[in-house]
Amino acid sequence: MKALVSIITVNYNGLRDTCEMIDSFRSRETYPRYEIIVVDNGSRLPEAEEIQERYRDNPVPGGFLSGSPVSFPPVKVVRNINNGFAGGNNAGLKAAAGDYLFFINNDTLIKEPVLDALVRRIESDSPRNGGVSPMLKFAARPDTLQYAGFTPLSPVTLRNTAIGFMQQDSPRFRIPRETASLHGAAMMVSRRALQDAGTMSEVYFLFYEELDWSAQLRKAGYRLWYEPAAVVYHKEGMTARRGSPTREFYLSRARMLFARRNLRGIGKYLSCAYLCILAAPKKAAVYLLHGQVALAKATICGTCEGIYKNIRTA
């Protein structure tokens with residue numbers, strides 16, 4: 001019997017996207033054993049109730065599994081406060097029964113089955129393989145890659161590169177490889193690895209959660225993979241708009257928190273000094289030169305909170 005996969009997604013004022021994601025799995029996914037868990041992170045409207053009612057044991061006409069309607073178990077809906085990306089996913093974990101946990105953004109969809117390829121990648125060396133992310137493409141530009149693996153973070157500046165980002169899909173991106181980090185938009189982790197490494201830290205709220213969790217998984221002795229046989233399409237940027245003060249605040253905050261949580265010795269002090277003395281002031285100055293005062297303030301405030309935030313709370 002195939003292992004059970006728990007698909008966990010977080011909804012926050014994103015009913016349309018969430019339903020499109022669920023419908024794409026129900027119409028395209030052929031893996032025989034999976035459940036879908038939606039965590040509503042305190043949406044303004046009663047979206048949890050709407051999702052629960054919409055997917056209360058309803059068949060999908062002409063499902064991918066056959067030419068006739070296919071029935072699915074009801075979607076599990078978890079009501080939660082807005083405690084961020086990690087907090088929402090961790091709330092979903094409490095309702096998950098799967099041997100594998102597939103965390104996926106609600107603003108994604110699939111066009112072909114993905115679960116079997118991801119499970120097979122982990123099971124190809126299950127004692128050592130702890131997690132896997134699929135190929136990610138932009139939904140608005142389906143021939144353009146968002147992710148084909150990550151390079152390691154540089155030790156001081158904490159910068160990395162998403163392999164294949166904004167490049168056309170080609171055979172060189174269709175080779176499975178180990179990756180330094182999983183991608184937060186779509187990542188599968190085995191329950192065994194989860195138990196050894198722990199859950200995602202809730203200290204970040206937004207950004208760097210998957211980088212931090214990937215670091216914890218690797219410290220626990222697990223390998224992480226990029227699997228191009230599975231493709232997920234990402235609408236990108238629905239939660240925190242690019243160029244917004246909210247995004248800039250949490251991104252600046254997260255970089256500092258990551259350095260404090262994951263670096264050791266002189267490397268930690270060099271990285272924190274770089275972020276405080278060089279990176280954040282330079283970025284804020286550029287924003288000011290362009291008259292973007294709110295972004296400059298968000299950069300400095302986020303960096304400062306990252307310095308003083310208690311990193312032992314989660």
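Reckoned from all heavy atoms, side chains included, excluding hydrogens, waters and symmetry mates.
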Go through the structure and list residues passing salt bridge (charged side-chain N to carboxylate O under 4.0 Å, His left out) with Glu227, not counting sequence neighbours. Arg121
Hey, are [X] and [Y] close enough for a salt bridge, meaning a charged N less than 4.0 Å from a carboxylate O?
| X | Y | value |
| --- | --- | --- |
| Arg54 | Glu50 | yes |
| Lys235 | Asp17 | yes |
| Arg253 | Glu248 | no |
| Arg56 | Glu53 | yes |
| Asp23 | Arg26 | no |

Could you please spell out the steps behind the salt bridge (Lys or Arg N to Asp or Glu O under 4.0 Å) verdict for Asp116 and Lys2? CA-CA 9 Å; Asp116 188 64; Lys2 290 277 191 178; 2.8 Å; yes
If you count every heavy atom of other residues, nucleotides or ligands that lies below 6.0 Å from Arg177 atom CZ, does the total exceed 12? yes
Qualifying residues under side chain to side chain donor-acceptor pair (under 3.5 Å), relative to Ser6, sequence neighbours excluded: Glu35
Candidate list Asn105, Asn13, Asn106, Asp40, test side-chain hydrogen bond (donor to acceptor under 3.5 Å, both in side chains), partner Thr18, passing option: Asn106
Lys111 to Tyr233, cation-pi by 6.0 Å centre distance and 45° axis angle: yes
Residue list, side-chain contact (heavy atoms from CB on, under 4.5 Å) with Lys297, at least two apart or on another chain: Cys301
CD1 of Ile307 to SG of Cys272: how many Å apart, nearest 0.5 Å? 7.5 Å
Working to the nearest 0.5 Å, report the span between CD1 of Ile300 and OG of Ser252. 8.0 Å
Give the ring-plane orientation class for Phe150 versus His183, where under 30° counts as parallel, over 60° as perpendicular and anything between as tilted. parallel
